[in-house]
Amino acid sequence: MSAKKLVASLERIDPRIETPLQQIMGSFHIRYSYYRAAETRLAGDSGQDYFVWKQQKNSFIFALCDGVSMSFFGEIAAQLLGDFLIDCLSIEELNGYEDHLLLQKKLQQLLHDYTFHASEQVSKYQLPKGIPNVLNEVLEEKRVLGSETTFVCGRIDLPDSSHPNGKIMLAWLGDSRLQIWDSEKELNVLGETFISSERWSTKRGCIGHEPHVLIRPLITPSNQINRIVAYSDGLTILDDLPHILDNELLQVQIIKAAMNPTSDDISLFEVGWNNRKQAQVVESRIIASEVLEFSSRTRKRRPSKSVIKRLLTFFKWSK
């Protein structure tokens, strides 16, 4: 496993090759891995899973899509939708939503509108040369029905002056997995909402349900979210784990699943962060601002007892 420095740009997995567990450290620390299905590796084809991520300042955005194999080249839908979801979650207007029903409605509309562009891309896709006529006819029939994929995606905003407790926004549709963790355990707040019959289609948009969504602060009185784990259904071996695996054990589980002769594509993406450290930075800036404001207003060297008390409390807490 290798470690890399986080680069503030769009990063994509290459579905044509296997990627052993990688780790990137920074204000957001991530781990990811990708293995094609056993049959796909033998054939030398590209996998149908796809994931992409981007960091911008104190925000982190990701999308993981699992193309539906029975549709028309599911990797087409997976790659188109993955990049589109990154664009959607980068829009500050969308990030301004605080009501999950309004976000659900807006995202549903965006995903429907995108089918026009996606369908055009499907219609332009050239079939491999030299395939038998019977297979060509079957594929053309599938083309009419469109390419399909499941997805999970999200945006994490660390605590700042706009969101003192941070903010997380998640959306998903289908049976790709999504887990929310605090420092000790998985938080069971997403319910039984990962359904195999639900997916997104380049032809029909969302199938089976509107996109499921979650909006909430990173820090609440009861817990602090500091990790998100997303993976495709080829890695169900990770379901219901009591704790996060270290790098060595995680790689063992990934290889174990990938070496199964009937394995599906395997995608894993995990992102973590330090709420406490970021909250300390925000608090110190707020206190410093108050001290400066007090000094400029009173022209006195000594701040008030209330400001001194907040300073003492902060430094005691931050040790």
Side-chain angles (χ1 to χ4, degrees), residues 6-13 24 26-30 32 49-66 77-115 117-118 149-160 162-163 165-174 176-180 189-190 193-194 198-200 202 205-206 209-218 225-232 267-273 275 278:
L6 186 61
V7 178
S9 62
L10 192 66
E11 300 285 344
R12 297 181 177 89
I13 195 67
I24 300 176
S27 55
F28 292 95
H29 40 277
I30 73 174
Y32 64 92
D49 285 5
Y50 178 74
F51 59 87
V52 58
W53 68 94
K54 179 176 73 170
Q55 181 179 350
Q56 48 187 31
K57 297 182 180 179
N58 286 332
S59 300
F60 194 93
I61 303 169
F62 72 92
L64 185 151
C65 300
D66 182 356
Q79 294 180 26
L80 286 171
L81 185 60
D83 290 347
F84 180 67
L85 288 169
I86 294 293
D87 290 340
C88 289
L89 294 174
S90 300
I91 301 172
E92 290 304 322
E93 177 188 356
L94 196 68
N95 189 44
Y97 282 85
E98 301 292 344
D99 182 281
H100 80 278
L101 291 177
L102 293 178
L103 174 62
Q104 185 179 57
K105 182 178 180 180
K106 180 64 175 180
L107 191 56
Q108 168 88 348
Q109 186 61 51
L110 288 171
L111 292 174
H112 175 267
D113 293 345
Y114 188 60
T115 59
H117 170 76
T149 185
T150 67
F151 71 85
V152 297
C153 64
R155 172 169 174 159
I156 301 105
D157 288 282
L158 295 179
D160 59 16
S162 300
H163 301 97
N165 292 316
K167 181 179 179 180
I168 188 168
M169 177 187 297
L170 300 173
W172 64 97
L173 193 66
S176 294
R177 275 37 171 197
L178 189 59
Q179 297 178 347
I180 299 176
V189 296
L190 302 181
T193 54
F194 300 95
E198 298 175 0
R199 75 262 325 256
W200 179 82
T202 59
C206 295
H209 201 278
E210 298 94 349
H212 304 275
V213 300
L214 175 76
I215 308 173
R216 57 162 286 174
L218 297 178
I225 298 173
N226 59 20
R227 190 185 304 265
I228 297 294
V229 183
Y231 54 98
S232 61
S267 294
L268 168 74
F269 189 82
E270 175 188 297
V271 55
W273 56 91
N275 284 318
Q278 187 64 24

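If you're wondering where the values come from, they're calculated on a predicted model, not measured in any experiment. The first residue in the sequence is number 1, and the count goes up from there.
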What's the shortest heavy-atom distance between Val52 and Glu11, and which atoms? CG2-O, 3.1 Å
Going by the angle between their ring planes, with limits at 30° and 60°, are Tyr114 and Phe84 parallel, tilted or perpendicular? parallel
State the CD1-CD distance between Ile61 and Gln55, to the nearest 0.5 angstrom. 10.0 Å
So, taking the atom named CG in Leu102 and the one named CG in Leu107, what distance separates them when rounded to the nearest 0.5 Å? 12.5 Å
Are Ser267 and Asp49 close enough that a side-chain donor and a side-chain acceptor fall under 3.5 Å? yes
Hey, are Asp83 and Gln79 close enough side-chain-wise for a donor-acceptor pair under 3.5 Å? no
So, taking the atom named CE in Met169 and the one named NE2 in His100, what distance separates them when rounded to the nearest 0.5 Å? 12.5 Å
Would you say that Lys105 contacts Leu101 through its side chain, given a criterion of any heavy-atom pair below 4.5 Å between the two side chains? no
Which distance, rounded to the nearest 0.5 Å, do you find between the CG of Leu110 and the CD1 of Ile91? 6.5 Å
Any donor-acceptor pair under 3.5 Å from Gln104 side chain to His212 backbone: no
Residue pair Pro211 / Phe151, side-chain heavy-atom distance below 4.5 Å: yes
So how far is it from Leu81 CG to Thr150 OG1, rounded to the nearest 0.5 Å? 9.0 Å
Working note: Leu89 + Leu94, criterion side-chain contact (heavy atoms from CB on, under 4.5 Å); need CA distance, chi angles, decisive distance, verdict. CA-CA 7 Å; Leu89 294 174; Leu94 196 68; 4.2 Å; yes
Tell me the closest heavy-atom pair linking Leu85 and Cys65, and the distance in Å. CD1-SG, 4.4 Å
Salt-bridge test for Glu270 and Arg177: reply yes if a basic N is under 4.0 Å from a carboxylate O, no otherwise. no
What orientation do Phe28 and Phe60 show, parallel under 30°, tilted 30 to 60°, or perpendicular over 60°? tilted
Donor-acceptor pair, Trp53 side chain versus Ile86 backbone, under 3.5 Å? no
Would you say that Phe51 contacts Val152 through its side chain, given a criterion of any heavy-atom pair below 4.5 Å between the two side chains? no
Could you tell me which non-hydrogen atom of Leu178 sits nearest to which non-hydrogen atom of Leu190, and how far apart they are? O-CD1, 3.2 Å
Shortest non-hydrogen contact from Ala171 toward Val213: CB-CG1, 4.1 Å
Quick one: does any side-chain atom of Trp200 pair with a main-chain N or O of Leu111 as donor and acceptor, under 3.5 Å? yes
Is the backbone of Thr115 close enough, under 3.5 Å, to the side chain of Thr202 for a donor and an acceptor to pair up by distance? no
Could you report the tightest heavy-atom contact between Glu210 and Gln108, atom names first, then the distance? CA-OE1, 3.5 Å
Can you check whether Asn95's main-chain N or O pairs, donor with acceptor, with Lys167's side chain at less than 3.5 Å? yes
Which value, rounded to the nearest 0.5 Å, describes the distance between Ile30 atom CD1 and Phe269 atom CZ? 4.0 Å
Give the C-alpha distance, both sets of side-chain angles, the deciding distance and a yes or no for side-chain contact (heavy atoms from CB on, under 4.5 Å) between Thr149 and Tyr50. CA-CA 10 Å; Thr149 185; Tyr50 178 74; over 6 Å; no
Where is the tightest heavy-atom contact between Ala230 and Leu64, given as atom of each residue plus distance? O-CD1, 3.8 Å
side-chain contact (heavy atoms from CB on, under 4.5 Å) between Asn58 and Asp157, worked out: CA-CA 6 Å; Asn58 286 332; Asp157 288 282; over 6 Å; no
Are a donor atom and an acceptor atom from the side chains of Gln179 and Tyr231 found within less than 3.5 Å of each other? yes
